Protein chains: 2
Amino acid sequence: MLKTLRVPEATVTRLSIYSRFLERLDRNGVTTVSSGEIAEGVGVSPAQVRKDLAYFGEFGTRGVGYNVKDLLKYTLKILGLDQEWSLAIVGAGNLGFALCTYRGFNVRGFHIAGVFDNDPTRIGKRIGHLEVQPLERFPEIVQSENIRIGVIAVPISAAQEVADLMVKNGLEAILNFAPVALNVPDHIEIRNVDLSVKLEILTFNLAFRAAQSL
Amino acid sequence: MLKTLRVPEATVTRLSIYSRFLERLDRNGVTTVSSGEIAEGVGVSPAQVRKDLAYFGEFGTRGVGYNVKDLLKYTLKILGLDQEWSLAIVGAGNLGFALCTYRGFNVRGFHIAGVFDNDPTRIGKRIGHLEVQPLERFPEIVQSENIRIGVIAVPISAAQEVADLMVKNGLEAILNFAPVALNVPDHIEIRNVDLSVKLEILTFNLAFRAAQSL
DNA sequence: TATGTTATGTGAATTTAATAACATGAGATC
DNA sequence: GATCTCATGTTATTAAATTCACATAACATA
Ligand SMILES: NC(=O)c1ccc[n+]([C@@H]2O[C@H](COP(=O)([O-])OP(=O)(O)OC[C@H]3O[C@@H](n4cnc5c(N)ncnc54)[C@H](O)[C@@H]3O)[C@@H](O)[C@H]2O)c1
Ligand SMILES: NC(=O)c1ccc[n+]([C@@H]2O[C@H](COP(=O)([O-])OP(=O)(O)OC[C@H]3O[C@@H](n4cnc5c(N)ncnc54)[C@H](O)[C@@H]3O)[C@@H](O)[C@H]2O)c1
């Protein structure tokens, strides 16, 4: 089923989006879907949808389309979401709080197994069914909860040391919300989520493109 | 100064990142920087940095590098950040709250001019110096505060109607945090921020690539 | 004033990704 | 059971983005 080919990261990104779209279709009782409908639903071209899926196998039926439940299962499998992933979130501030309470992660099989902070006034506070832990307990909880992925939600100034802590404790992947480039060893998967870049793309388009057409 | 060329969105994205890196350098008293140092600092190649800047003009001095203050000013100008932008955030939930309190927006010249919700229990609550407004006041405040950009932080189910409301009230750009593709007229600039796609890229890399190398 | 050094700016080459076009095969129809 | 329809899967084409390589110009030095 799985071809061996370098898969563009853009394809993986779209796969994640297709997958959640399929989830919605499935919840709505839709049983079959075409590449055109997926394309329409997520805002890409039908050829793109088929191309993306083709990296991983043949999931459809010619002349018919895709079985929603099956394709959903396949996309989840491809994304590694046929298993549960435990997360550690470091930084129980505003963003950390929002992330902890976000139900969308749970739906996709993510389990927030620990939230950590170094501010004594925050430690011990409850966020939903979670309790904010002191940073000191990080190693122990990573171990006991089998956590492989860390989320950084601390200020820029603390991001690198938190990343170092995560690496030291054997985490394999890091999702970083602090807007800095972090130094980690090559074997660590790291991705940044930047909440303001897209906003500045908007202002660029409003301001610069407007100026250009003067 | 400004060449007329289609600028790749990836270039604008990186420009936003360079710009914030330059801000850090400037705060640290650094006066001159090379494309190599910028590249190092943000995690791209030096050629990429120069190529990106070349879309907009010549900002450096050969043999020397770039003047940090000047280049910062130019990048801000290019991104449209030489002016203040008023934002309306709709959805005063966990994410909306985090966005409202995030100081990083202010630093870059964004001014949150209104936060709106339709939940009576949330309306009137204070978030920092802001007060959550009922959706009914949206048209009036958009007008009086000269708001051109809207931020959607409501659940998926309400996102399209909020987008429609924004379009109807003359907003020109939308930043959408709900993980759905929204339908808006062509003249509206819209970008989605998806907080979980990157997480699923991580699991893909951990799970799929691991499986491939078996 | 000539020379050496250094990092920019840019055109060409390469790589990568997206689009288009079409052959294929599954199912429906007659 | 032959034929027709339709949407997939795939190859070919086009487009886009990135990297490379080097000529260029500013500055420092002698
Ligand atoms: N809030 C937003 O909407 C938003 C938007 C864009 C980017 N970000 C980024 O996300 C990160 C978090 O933002 P926030 O708004 O939640 O900030 P915040 O100040 O509300 O929370 C940061 C938390 O990290 C904790 N912390 C600081 N140093 C620590 C350390 N060494 N170890 C453990 N915990 C530590 C603090 O005690 C605090 O609770 C920042 O890097 C910010 O730039 C946030
Ligand atoms: N919280 C996160 O970390 C996170 C992560 C990823 C994506 N998101 C997305 O961001 C969005 C907001 O998430 P959240 O966690 O803040 O949810 P939330 O439930 O905490 O907040 C949503 C808010 O929107 C308000 N609302 C609902 N319908 C509305 C309407 N028609 N008009 C105005 N307000 C309305 C609700 O009253 C509520 O206050 C969702 O689409 C979610 O999928 C959130």
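Remember, it's a predicted structure, so these values are computed and weren't measured experimentally. Residue numbering restarts at 1 for every chain, and letters A, B, ... go by the order of the sequence lines.
In this structure, the CD atom of A:Glu58 is 11 Å from the P atom of D:dT11, given to the nearest Å. C:dT10 atom P lies 11 Å from atom CZ of B:Phe59, rounded to whole Å. Here C:dT8 presents its P atom at 14 Å from CG of B:Asp52, a figure rounded to the nearest Å. One atom, OH of B:Tyr55, and another, C1' of C:dT8, lie 17 Å apart when rounded to the nearest Å. If you take OH of B:Tyr74 and C1' of C:dG9, they are 16 Å apart, rounded to a whole angstrom. Atom CZ of B:Arg14 and atom C1' of D:dA16 are 12 Å apart (whole Å). Taking atom CG of A:Leu53 as the reference point, atom C1' of D:dT10 lies 13 Å away to the nearest angstrom.
Taking 4.0 angstrom as the limit, A:Arg6 places a side-chain polar atom (N or O) nearer than this to OP1 or OP2 of C:dA17. Residue B:Ser34 places none of its side-chain N or O atoms closer than 4.0 Å to OP1 or OP2 of C:dA7.
Closest to the side chain of A:Lys51, from the set C:dG9, D:dT10, D:dT19, is D:dT10. In this structure, of D:dT8, C:dT8, D:dT19, it is C:dT8 that holds the atom nearest to the side chain of B:Tyr66. Closest to the side chain of A:Arg62, out of D:dG9, D:dT24, D:dT19, is D:dG9.
Counting only distance, with no hydrogens or angles, the side chain of B:Asn192 and the backbone of B:Val180 share a donor-acceptor pair below 3.5 Å.
Sequence order on DNA chain D of the closest nucleotides to A:Ala47 and A:Gly65 puts A:Gly65 first from the 5' end. Across the interface with DNA chain D, nearest-nucleotide mapping of A:Thr61 and B:Ala10 shows A:Thr61 to be the residue nearer the 5′ end.
Within 4.0 Å (heavy atoms only), B:Thr11 reaches no atom of the nucleic acid at all.
Judged by atom type and distance alone, A:Arg50 does not reach the base of D:dT8 through any side-chain donor-acceptor pair under 3.5 Å.
For the pair B:Glu40/B:Val33, no side-chain contact is recorded, criterion being any heavy-atom separation below 4.5 Å from C-beta on.
With rounding to the nearest 0.5 angstrom, the OG1 atom of A:Thr13 is 9.0 Å from the CG atom of B:Asp194. Note: B:Ile141 CD1 to B:Asn169 CG = 11.0 Å, rounded to the nearest 0.5 Å.
Of all heavy-atom pairs spanning A:Val7 and A:Phe56, the tightest one is CG1-CZ, 3.6 Å.
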